Amino acid sequence: MVQREFAVTIPFKELKKIIGNSKVKIVYEIDDNLISLYPAHPFYELYNSKKEYYLDYLKNSDLITVTTNSLREDFVNIIQKLQFCLTILIQVFGEMSIRSKRQTIK
């Protein structure tokens with residue numbers, strides 16, 4: 001699973017080269033619509049300059065996870081062929097982490 005800024009650090013095509021012919025699936029997690037910021041947004045120029053990296057992951061990843069249904073709808077309108085799921089794993093892993101810390105303390 002890779003997250004938003006990873007798309008700029010290692011572009012999608014480079015990641016595919018690293019993975020090679022393995023059966024590893026690429027899951028891209030993004031929690032903001034960084035490809036459709038309005039021009040007056042304080043970080044518009046920063047994220048707009050990275051837009052193609054985000055789009056490449058959105059268009060080519062095996063699965064996209066998002067944090068809200070609204071964000072899902074934004075991306076479905078742009079990239080219709082992909083499957084999307086809400087990011088629920090963070091909450092599950094967070095609870096597991098808390099539980100494991102409690103067990104360690106005892």
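Worth knowing before you read on, the calculation uses all heavy atoms, side chains too, and leaves out hydrogens, waters and symmetry mates. All values reported here derive from a predicted model rather than from experimental measurement.
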Pair listing, ring-ring contact (aromatic ring centres under 6.0 Å, His included) test, anchored in residues 3-24, at least two apart: Phe12-Tyr57
With sequence neighbours excluded, residues passing salt bridge (Lys or Arg N to Asp or Glu O under 4.0 Å) with Lys50: Glu5
Distance (rounded to the nearest 0.5 Å) between Ile18 CD1 and Lys13 NZ: 14.5 Å
All side chain to side chain contact (heavy atoms under 4.5 Å, CB included) counterparts of Glu45, not counting sequence neighbours: none
Greater than 12 external heavy atoms within 6.0 Å of Tyr54's OH: yes
Criterion side chain to side chain contact (heavy atoms under 4.5 Å, CB included) on Phe75 and Ile35, from CA distance to verdict: CA-CA 9 Å; Phe75 292 143; Ile35 61 172; 3.8 Å; yes
Side chain to side chain contact (heavy atoms under 4.5 Å, CB included) between Ile26 and Lys16, intermediate numbers included: CA-CA 9 Å; Ile26 298 174; Lys16 288 299 278 186; 3.6 Å; yes
Whether Asp62 side chain and Val27 backbone form a donor-acceptor pair below 3.5 Å: no
Candidate pair Ile30 and Val66, rule side chain to side chain contact (heavy atoms under 4.5 Å, CB included), full reasoning: CA-CA 5 Å; Ile30 189 163; Val66 294; 4.2 Å; yes
Nearest atoms (heavy-atom pairs only) where Ser49 meets Leu46: OG-O, 2.6 Å
Under 3.5 Å donor-acceptor, Ser61 side chain and Ile64 backbone: no
Interatomic spacing from NZ in Lys17 to CG in Leu15 - rounded to 0.5 Å: 11.5 Å
With sequence neighbours excluded, residues passing side chain to side chain contact (heavy atoms under 4.5 Å, CB included) with Val24: Ile19, Ser22
Working for side chain to side chain contact (heavy atoms under 4.5 Å, CB included), residues Tyr28 and Met1: CA-CA 6 Å; Tyr28 186 53; Met1 176 180 270; over 6 Å; no
Contacts of type side-chain hydrogen bond (donor to acceptor under 3.5 Å, both in side chains), residue Lys51, not counting sequence neighbours: none
From CG (Asn60) to CG (Leu55), nearest 0.5 Å: 10.0 Å
Pairwise side-chain contact, Arg4 with Asp32, heavy-atom cut-off 4.5 Å (strictly under): yes
Which residues share a side chain to side chain contact (heavy atoms under 4.5 Å, CB included) with Leu37, sequence neighbours left out: His41, Tyr44, Tyr47
